[in-house]
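Report on the structure given below.
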Amino acid sequence: MRTYILTDAEKHIIKRYLKKGEKLDGFRTLLTRCRHMETVQEDIDLINRMLERANS
């Protein structure tokens with residue numbers, strides 16, 4: 001299992017956009033991927049439920 005969702009390059013693109021409004025190369029592709037992340041959110045919710053149960 002990977003321990004990250006975004007690569008370093010993707011983080012850089014997002015941070016640059018948030019800080020300066022710049023849309024670096026790959027921004028549009030990353031934006032599309034972020035708009036379709038329902039499965040990732042479901043996975044995070046599932047992991048959190050497992051951790052809550054394991055810690056109680």
Side-chain angles (χ1 to χ4, degrees):
M1 175 188 331
R2 290 189 301 181
T3 57
Y4 62 91
I5 295 174
L6 298 170
T7 65
D8 289 339
E10 291 168 335
K11 288 178 190 178
H12 176 71
I13 291 169
I14 292 171
K15 288 177 182 178
R16 190 71 161 268
Y17 175 71
L18 293 174
K19 188 172 187 175
K20 298 183 178 184
E22 290 182 63
K23 296 179 181 179
L24 301 178
D25 195 35
F27 176 83
R28 292 179 84 94
T29 301
L30 181 57
L31 183 60
T32 300
R33 285 185 50 228
C34 289
R35 285 182 173 149
H36 297 94
M37 292 190 72
E38 296 88 11
T39 303
V40 172
Q41 188 59 51
E42 290 171 8
D43 290 351
I44 291 170
D45 292 342
L46 187 61
I47 290 168
N48 284 331
R49 288 181 23 218
M50 179 190 67
L51 291 173
E52 286 175 12
R53 184 168 184 168
N55 292 329
S56 54

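Computed from a prediction, not measured in an experiment: that's the story for all the values here. All residue numbers refer to positions in the sequence shown, counting from 1.
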Side chain to side chain donor-acceptor pair (under 3.5 Å) involving E38 - partner list, sequence neighbours excluded: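 Once residues adjacent in sequence are excluded, E38 has no partner under the side chain to side chain donor-acceptor pair (under 3.5 Å) criterion.
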Test side chain to side chain donor-acceptor pair (under 3.5 Å) applied to D45 - qualifying residues, sequence neighbours left out: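 Testing D45 for side chain to side chain donor-acceptor pair (under 3.5 Å), a comparison that skips the adjacent residues, returns Q41.
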Residue pairs, two or more places apart or on separate chains, that pass ring-ring contact (aromatic ring centres under 6.0 Å, His included) and touch residues 34-56: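 Listed once each, the pairs would be none.
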For the student: nearest non-hydrogen atoms of M37 and I5, plus distance: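 Minimum heavy-atom contact is CE-CG2, 3.7 Å.
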Interatomic spacing from CG in L6 to CG in L30 - rounded to 0.5 Å: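 Rounded to the nearest 0.5 Å, the CG-CG separation comes to 6.5 Å.
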Could you pull out all donor-acceptor pairs under 3.5 Å where a side-chain atom in residues 14-29 meets a protein atom, sequence neighbours excluded?
from, atom 1, to, atom 2, distance (Å)
R16, NE, E22, OE2, 3.0

Without placing hydrogens or testing angles, list every side-chain donor-acceptor pair under 3.5 Å for residues 46-56, not counting sequence neighbours.
from, atom 1, to, atom 2, distance (Å)
N48, ND2, I44, O, 3.3
N55, ND2, L51, O, 3.0
S56, OG, E52, O, 3.3
S56, OG, R53, O, 3.0

